[in-house]
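Lettering follows sequence order; numbering is per chain, from 1.
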There are 2 protein chains.
Amino acid sequence: MAATIRDVAQASGVHVSTVSRTFSAPHLVNPETRNRVLAVAEDLGYRPNRAARALTTGRTHNLGLIVADISNPFFPPLIKAAQAHARLRDYHVFVADTDEDPQVEEELIQTLTKQVDGVLLCSPRLSNRAIEKLSEDVPFVVVNRRLKGMSTVLMDVGLGARLAIEHLTALGHRRIALLAGPAGSWTSREMSDAARAVAGIDLAILGPNSPTEHGGLAAAEAVLAADVTAVLAYNDLMAIGLVEGLDERGIEVPGRISVVGVDDIVSGRLTRPKLTTVAMPTEAAGRTAVDLLLQLVGAGQTATPALATLATHLIIRDSTGPVPP
Amino acid sequence: MAATIRDVAQASGVHVSTVSRTFSAPHLVNPETRNRVLAVAEDLGYRPNRAARALTTGRTHNLGLIVADISNPFFPPLIKAAQAHARLRDYHVFVADTDEDPQVEEELIQTLTKQVDGVLLCSPRLSNRAIEKLSEDVPFVVVNRRLKGMSTVLMDVGLGARLAIEHLTALGHRRIALLAGPAGSWTSREMSDAARAVAGIDLAILGPNSPTEHGGLAAAEAVLAADVTAVLAYNDLMAIGLVEGLDERGIEVPGRISVVGVDDIVSGRLTRPKLTTVAMPTEAAGRTAVDLLLQLVGAGQTATPALATLATHLIIRDSTGPVPP
DNA sequence: GGAAGTTCTGCAACCGGTTGCACGAAACAT
DNA sequence: ATGTTTCGTGCAACCGGTTGCAGAACTTCC
């Protein structure tokens, strides 16, 4: 089997504690000894066993990352960035998918708790109370949900919504629909609040809707009934679905109706017309979340929760145009 | 801190070993005692510490899942399925992204080795020799690469390529280009072998190319130079990029050139024209891989490597049409 | 030359579980 | 009544590291 610390100790004629220190506190051991130990360790292919180390130190050097749906194209860049960033700091990442089920989410967190130093919760579906309860056991960073007393990374989707609406009003649109997301989504509420705050427009809020292509497709009828010239959708998938639905009914985008999405997923750049959208700083969010979490982990219970708000920006492509005459 | 096995033992007036058995070998303990212990455990919120358990049993109940690029839309469904399937069997999954870098891949596997019972390697970029070497330390299942003596899940992309080519020939195409993927990709070689085996066509193999939208875009010129009427691309991303590149040059798809992709990613259903493509059984692959891996883990070194080949099928949409006159 | 530091290493307990072994009590057979 | 099983539980060693404490060897300073 794989070499243990005792094999190395024996082979290099020192006590196990010296070998241990060679790896976890090198400055405490004589350079000469250290080199000898390192040489032997290298020779035997020894690598410290993280699970064993975790047992005494209480630090697993693992993080948990929980998302509602890995297949939603919004998440992979975040996961990727978080994972890469964590790796640089010598942390591994468990990724778990809750399938949008709060029950699963809770179980997952509970079984993961003992194995990680902290958990990244992305767009959680759990209630605030449940999250607060669970956070007694393990540090959390929440992404895309405001939760007092907890470290949080927010993407300023309110800003994005305002930019989008302003872009539309600049094009002459006055009657605008907001295609809302799932009920209870923080993001969705944030968007409608921001949109309502823009003066001089006539806003129709439609929803809640499923945050998928299909949800957008299904909403086409409601959009037409609302008699608007422009739509801001909860996310790109819905926007794409909506364009499809409008197309089926012979409504041109952006000729008759302009459409704006949110997320800037890859697909949005590939559809015709190319989607005007609010770009989310997902990679930055992943990295920031890991930073905040490690900060929390390092600080122990004395931690002050931090709040990071990341700016969003509007990407103007081909799905928006001047209001028809 | 969280309750340990000793807390439970004390509170229920039995020895720690009895508590341990209550969880890991219930049949060995008197039902009455067991219930008492369980009640106390429940009361104290006790959950067994997996890391500690791993130390003695040698089973971590964790799996590693290594992919080249989480952001490539081909992977998330596989990750999702694998992760969900593993969870049902009480396994957690580390997901790591190598950024297509063999070096990173190797390091990742090495640091993960001690923490997992087995590793799922998806479309590895490492050399066969390196993989064989690493497999001495931990069981592997390789997805999308044939490796003798190792458990393997293959998606029959050769079949897919043949179906695609036959579809094209049925439409009258004779001069067909194959847009290859990265050098050293098993999938890519498999596709060209299968394509070459189809009689009666004039096949141009173009590549290697980067397996991204940009790679497809960049290949547009080469495709035109090859003077073909149809193209089979290594994957959907490239196919979409290619359609884009052709469009920029005023070449209609499928009017002048037909294009077929591989993977059936969501984006392919959203582009205009909708992409004809070879659908890959990614979810099934994820589940099968987990099954094979756990089988291997259970069997110890006596394991016989297994090979699972999953069928692919062709989805005909709008990017292919009859050969132009 | 002796006291007071430094620096390095060893000892042993500990982290939170698991498990082979032994032993006492109850159940069964003779 | 005695001998043999079976069952349930306790004991203690062990998994592979970490770490507080103690002491040996070597400096440094008066």
Side-chain angles (χ1 to χ4, degrees), chain A residues 1-38 40-41 44-62 90 111-117 137-138 300, chain B residues 1-38 40-41 44-62 90 111-117 137-138 300:
Chain A
M1 261 288 101
T4 76
I5 202 173
R6 292 168 218 271
D7 300 330
V8 178
Q10 183 146 28
S12 47
V14 300
H15 195 263
V16 290
S17 56
T18 301
V19 179
S20 173
R21 279 190 275 260
T22 301
F23 289 93
S24 51
H27 59 280
L28 287 181
V29 28
N30 186 312
E32 217 169 293
T33 317
R34 192 199 310 156
N35 289 334
R36 188 152 39 91
V37 170
L38 285 176
V40 172
L44 266 51
Y46 168 76
R47 332 209 84 194
N49 181 326
R50 295 174 143 231
R53 178 178 289 180
L55 203 51
T56 48
T57 61
R59 288 279 134 82
T60 62
H61 265 245
N62 293 147
D90 200 25
T111 60
L112 229 37
T113 294
K114 288 285 195 339
Q115 277 195 100
V116 299
D117 296 339
D137 293 336
V138 63
Chain B
M1 258 293 93
T4 74
I5 201 173
R6 293 168 218 271
D7 299 330
V8 178
Q10 185 145 28
S12 47
V14 300
H15 195 262
V16 290
S17 55
T18 302
V19 179
S20 172
R21 280 189 275 259
T22 300
F23 289 92
S24 50
H27 60 279
L28 288 180
V29 29
N30 185 314
E32 217 170 293
T33 316
R34 193 200 307 158
N35 289 334
R36 188 152 40 89
V37 171
L38 285 177
V40 173
L44 266 50
Y46 167 76
R47 332 209 84 195
N49 181 325
R50 295 174 144 231
R53 179 178 287 180
L55 203 51
T56 47
T57 60
R59 288 277 136 84
T60 61
H61 266 244
N62 292 147
D90 199 26
T111 60
L112 229 38
T113 293
K114 288 283 195 341
Q115 277 196 102
V116 299
D117 295 340
D137 294 335
V138 63

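- Nearest approach of A:Ile5 to A:Val19, heavy atoms of both residues: CG1-CG1, 3.4 Å.
- For A:Arg34 and C:dC8, the CZ to P distance is 9 Å, given to the nearest whole Å.
- Comparing the start and finish of the helix from C:dG1-D:dC30 to C:dT30-D:dA1, five pairs each, the helix axis swings through 40°, to the nearest 10 degrees.
- In this structure, the CD atom of B:Glu32 is 17 Å from the P atom of D:dC7, given to the nearest Å.
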So if I define the base as every atom that isn't primed, P, OP1 or OP2, how would nucleotides 15-24 of chain D read as a B/S/- string at a heavy-atom cutoff under 4.0 Å? BBBBBB----

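- Side-chain contact check for B:Arg47 versus A:Thr111: some heavy-atom pair is nearer than 4.5 Å.
- Under the side-chain hydrogen bond (donor to acceptor under 3.5 Å, both in side chains) criterion, A:Asn49 pairs with no residue at all, not counting sequence neighbours.
- Straight-line distance from the CG atom of A:Leu28 to the P atom of C:dT6: 15 Å, rounded to whole Å.
- In this structure, A:Ser20 contributes its side chain and A:Val16 its backbone to no donor-acceptor pair below 3.5 Å.
- The shortest side-chain heavy-atom distance between A:Thr4 and A:Asp7 falls under the 4.5 Å cut-off.
- B:Arg50 places a side-chain heavy atom less than 4.5 Å from the side chain of B:Asn62.
- The only option from A:Thr33, A:Val37, A:Val14, A:Leu28 that meets the side-chain contact (heavy atoms from CB on, under 4.5 Å) definition with A:Arg21 turns out to be A:Leu28.
- The closest donor-acceptor contact from the side chain of B:Thr60 to the backbone of B:Gln115 lies under 3.5 Å.
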